[in-house]
Peer 1: 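Here it is, the structure in full.
From a predicted model like this one, the values you see are computed outputs, not experimental measurements. Both ligands and their constituent atoms are indexed starting at 1 by order of listing. Nothing fancy with the numbering, it's 1 onward along the sequence.
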Amino acid sequence: MITDDQRDEFRRTGLLRLPGAIDRSATVPMVNRIWDHLGRAHGLTRDRPETWTIDRPTGLRAITGRPEFRALGSPAIKSALDGLLGAGRWTPPRRWGRLLITFPGTADHPWTVPKGVWHNDFTPLTGTPDPRAVQLFMILDDLAPGGGGTLVLTGSHRLVGPLIRDTEDGPHPRRLRERLGRDRWLRELWRPELDESAPERIRRFMIDGGSIGGVRLRVAEVTGAAGDAYLMHCDTFHCIAPNRGAVPRFMATTMIGHDRDQEPASRPRTE
Ligand SMILES: O=C(O)CCC(=O)C(=O)O
């Protein structure tokens, strides 16, 4: 289970880090399996970076159906989901992960906070308590800052909530961006009018942060050791980041929804 402090942090920021959520030794066979696929499908070799000639490999879907990936659904992850969604109020997925893999690539410009690709993942309104879904990000191999970990706009789920709460409509990413983009700080994040340098963008969005209607916003980067996991509120804006590290970024993600309340089954009539 999670503590009250962890629950508060999740409510406030939309993001909760769980160090060591998955047994580190269980990630080794997963990483081996991925490299095996990369070798066969793309001709990439683990200890020969000169063969890493692609940014984003394909054909990864089948891999997470393999038995070694079941360890992603660890006791710590299940217990945290119980704490946020309610015990018995969510259904374990058939597969615990969709792989997120990016290679360092060849670009020589420095790492910075990307523009353009910030989004929320559309999660329909279900009438269930908040959060209606939690997205898991799981780190399969050690992930250093600047190494391609997902970027999360902490606090942003609290801006989305009031915009969708009393509507029939779901959180449509394009419409939300239009609405939220009326604020200058957010517009500068995803459609900058100024061409700021990499360190300026890092300072502005990751260190100083912003504030809209009393909601603190700051860009956080998913980093950590193999086996660490993050739980993110489904309405939180996030984006893929460049990998300027020395090794590929190996992560997995999945969205776990709150089960809809079941209608009580109607009793068979006996009379
Ligand atoms: O590749 C990433 O880090 C971003 C993933 C993402 O946007 C998503 O799973 O919704």
Peer 1: Nearest 0.5 angstrom please: W90 CH2 to T128 OG1, how far?
Peer 2: 15.0 Å
Peer 1: Looking at every non-hydrogen atom in both residues, tell me the closest pair between T27 and I22 and how far apart they are.
Peer 2: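 Reported closest heavy-atom pair: CG2-CG2, 4.3 Å.
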Peer 1: D130 versus H258: any side-chain heavy-atom pair under 4.5 Å?
Peer 2: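 The answer is no; the side chains never approach within 4.5 Å.
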Peer 1: Suppose the criterion is side chain to side chain donor-acceptor pair (under 3.5 Å): which pairs have a residue in residues 214-228, not counting sequence neighbours?
Peer 2: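 For residues 214-228: R17-D228.
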Peer 1: Considering non-hydrogen atoms only, spot the tightest contact between R204 and E196 and give its length.
Peer 2: NE-OE2, 3.1 Å
Peer 1: Under a strict 4.0 Å criterion on non-hydrogen atoms, which protein residues are in contact with ligand 1?
Peer 2: R98, L100, H119, D121, Q135, T150, H238, I240, R249, T253
Peer 1: Using modelled atom types only, decide if a donor and an acceptor are shared between the side chain of R201 and the backbone of L189 within a distance under 3.5 Å.
Peer 2: yes
